[in-house]
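Contents: one structure, followed by commentary.
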Amino acid sequence: MSVQEAKFMKVRFINGTERSFAFQPLSSTLEPAVLLSHVNKALDSRRLVLQTPEQILIIPFDNVESIEITPAPAKSLPDAIQVFHEFL
């Protein structure tokens, strides 16, 4: 897989640190509702579980300020508010 095909996740922690990860995108045929159910399952579990070739990383959401994933999926998530511009 090339880097151009990858998705990127930036996790910001409440202590001000950040970690970034590249991961293989979920199948492009995955329906937004199914993707949203995966997101909801992670939120309900109160942890983010990531697996690298060397380790499994479990991050409790209590330590997370925000998570960014780019690029966004081609299809919008059913519960997402479609933002046209972010004001800084």
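Grouping Ile, Leu, Val, Met, Phe, Trp and Tyr by side-chain contacts under 4.5 Å, direct or through others, puts Val49 with Ile56, Ile58.
Atom CZ of residue Arg47 and atom CD1 of residue Ile59 lie 12.0 Å apart, to the nearest 0.5 angstrom.
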Atom pairs and distances, side-chain donor-acceptor, residues 12-19, under 3.5 Å, sequence neighbours left out:
| from | atom 1 | to | atom 2 | distance (Å) |
| --- | --- | --- | --- | --- |
| Arg12 | NE | Glu18 | OE2 | 2.9 |
| Arg12 | NH1 | Ser66 | OG | 3.4 |
| Arg12 | NH1 | Glu68 | OE2 | 2.5 |
| Arg12 | NH2 | Glu68 | OE2 | 2.7 |
| Asn15 | OD1 | Thr17 | N | 3.0 |
| Asn15 | OD1 | Thr17 | OG1 | 2.7 |

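For Phe87, the ring-ring contact (aromatic ring centres under 6.0 Å, His included) partners are His85, not counting sequence neighbours.
Put simply, the side chain of Leu50 does not reach to within 4.5 Å of the side chain of Phe23, judged on heavy atoms. With a 4.5 Å cut-off on side-chain heavy atoms, Asp62 and Arg46 count as touching. At a threshold of 4.5 Å between non-hydrogen side-chain atoms, the residues Leu43 and Lys41 do not count as touching.
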### Task
Dump the intermediate steps for side chain to side chain contact (heavy atoms under 4.5 Å, CB included) on Met9 and Ile67, then the final yes or no.
CA-CA 7 Å; Met9 176 187 308; Ile67 299 172; 3.7 Å; yes
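Of the possible polar contacts, none joining the Lys7 side chain to the Ile69 backbone as a donor-acceptor pair under 3.5 Å is found.
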